[in-house]
Amino acid sequence: MAVEVKDIPEAKRYEARQEGESELAGIAEYIRTAELIAFVHTEVPPKYEGKGVGAALARASLDEARAANLRVLAICPFYTGWIARHPEYQDLLYQSRSKVTD
């Protein structure tokens, strides 16, 4: 069964539902600025674990970040691990470019 993912900006999160169901199958909370989106928490209830919900959340939200030209800060351990396993998304990661000088 397909997973539908939708951005809910007023709630500052992406929501996932199994196709045709109203019950939430997972969420990915974020903080967004004009240049950056930080994924801070992902939650998938045990009932939906192992059904591709987390992957659908990550893929949809990261594809939208790419389309919006946003850098990604993966604070959430799920996003950190998922991006590490999917090198095609690693170019989105925010990297501090500031240098400490003496």
Side-chain angles (χ1 to χ4, degrees):
M1 188 173 267
V3 178
E4 299 172 343
V5 176
K6 185 175 180 183
D7 184 13
I8 311 297
E10 62 275 10
K12 296 181 179 153
R13 69 184 193 183
Y14 282 86
E15 295 181 352
R17 290 180 168 76
Q18 292 283 347
E19 188 175 40
E21 294 185 18
S22 60
E23 180 181 14
L24 274 178
I27 61 164
E29 296 175 340
Y30 63 80
I31 299 168
R32 184 175 174 163
T33 70
E35 297 93 22
L36 179 82
I37 185 164
F39 291 99
V40 297
H41 178 71
T42 305
E43 190 171 327
V44 175
K47 173 181 177 178
Y48 293 104
E49 288 178 358
K51 297 183 179 184
V53 173
L57 281 164
R59 193 173 308 281
S61 61
L62 293 171
D63 286 347
E64 287 190 15
R66 186 182 305 283
N69 201 29
L70 296 173
R71 296 285 97 200
V72 171
L73 182 58
I75 296 169
C76 169
F78 174 79
Y79 269 79
T80 300
W82 196 89
I83 293 170
R85 291 186 306 278
H86 295 86
E88 64 272 26
Y89 290 98
Q90 290 176 7
D91 65 304
L92 294 173
L93 292 174
Y94 170 80
Q95 295 183 13
S96 175
R97 291 175 177 78
S98 63
K99 294 182 180 181
V100 177
T101 58
D102 294 326

Measuring from Glu43:CD to Cys76:SG, what's the distance to the nearest 0.5 Å?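 It is 10.0 Å, given to the nearest 0.5 Å.
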Would you mind checking if Asp7 and Arg13 are paired as a salt bridge, meaning a charged N to carboxylate O distance below 4.0 Å?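 Here Arg13 does not pair with Asp7 in a salt bridge, since their nearest N and O are not under 4.0 Å apart.
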Assess whether atom CG of Asn69 is packed by more than 12 heavy atoms of other residues, nucleotides or ligands within 6.0 Å.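 Atom CG in Asn69 is not crowded, with 12 or fewer foreign heavy atoms closer than 6.0 Å.
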Show which residues join Ile27 in its hydrophobic cluster (side-chain heavy-atom contacts under 4.5 Å, direct or indirect), or state none.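 When side chains under 4.5 Å apart are linked, the cluster holding Ile27 also contains Leu24.
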Quick check for you: to the nearest 0.5 Å, what is the distance between Leu92 atom CG and Leu73 atom CG?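 Going from CG on Leu92 over to CG on Leu73, the span is 12.5 Å.
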Would you call Arg17 and Glu15 a salt bridge, using N to O less than 4.0 angstrom?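 A salt bridge links Arg17 with Glu15.
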Can you establish whether the number of heavy atoms outside Arg59 located under 6.0 Å from its atom CZ is more than 12?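 Enclosed.
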Could you tell me whether the side chains of Tyr48 and Glu21 share a donor-acceptor contact shorter than 3.5 Å?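 Note: Tyr48 and Glu21 side chains meet the donor-acceptor criterion.
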Smallest separation among heavy atoms of Ala38 and Ile75, with atom names: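 Shortest heavy-atom contact: CB-CD1, 4.0 Å.
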Test side chain to side chain contact (heavy atoms under 4.5 Å, CB included) on Arg32 and Leu70; report intermediate values, then the result. CA-CA 9 Å; Arg32 184 175 174 163; Leu70 296 173; 3.5 Å; yes
Is any side-chain heavy atom of Gln18 less than 4.5 Å from a side-chain heavy atom of Val3?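 In short, these two side chains touch, coming nearer than 4.5 Å.
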Hey, what do you get for CD (Gln95) to CZ (Arg71), rounding to the nearest 0.5 Å?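 Between Gln95 CD and Arg71 CZ, I get 8.5 Å after rounding to 0.5 Å.
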Evaluate the side-chain proximity of Asp63 to Tyr89: yes if any heavy-atom separation is below 4.5 Å, no if none is.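 Touching, per the 4.5 Å side-chain cut-off.
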Spell out, as yes or no, whether a donor-acceptor pair under 3.5 Å connects the side chain of Gln90 to the backbone of Ile83.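 Judged by distance alone, yes, a pair lies under 3.5 Å.
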Heavy-atom pair with the smallest gap, counting every atom of Gly26 and Leu57: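 Heavy atoms of Gly26 and Leu57 come nearest at C-CD1, 3.8 Å.
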Strictly distance-based, threshold 3.5 Å: is any side-chain N or O of Thr42 a donor or acceptor partner for the main-chain N or O of Phe78?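 Checking the backbone N and O of Phe78 against the side chain of Thr42, no donor-acceptor pair under 3.5 Å is found.
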So which heavy atom on Tyr79 is nearest to which on Ala58, and how close?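 Minimum heavy-atom contact is OH-CA, 3.6 Å.
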Give the minimum heavy-atom separation between Ala25 and Val53, together with the two atoms involved.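 Residues Ala25 and Val53, closest heavy atoms: O-CG1, 3.3 Å.
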Could you give all pairs that pass the ring pair (Phe, Tyr, Trp, His ring centres under 6.0 Å) test and reach residues 19-38, with sequence neighbours left out?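 Listed once each, the pairs are Tyr14-Tyr30.
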Trace of the side chain to side chain contact (heavy atoms under 4.5 Å, CB included) decision for Asp91 with Arg66: CA-CA 9 Å; Asp91 65 304; Arg66 186 182 305 283; 2.7 Å; yes
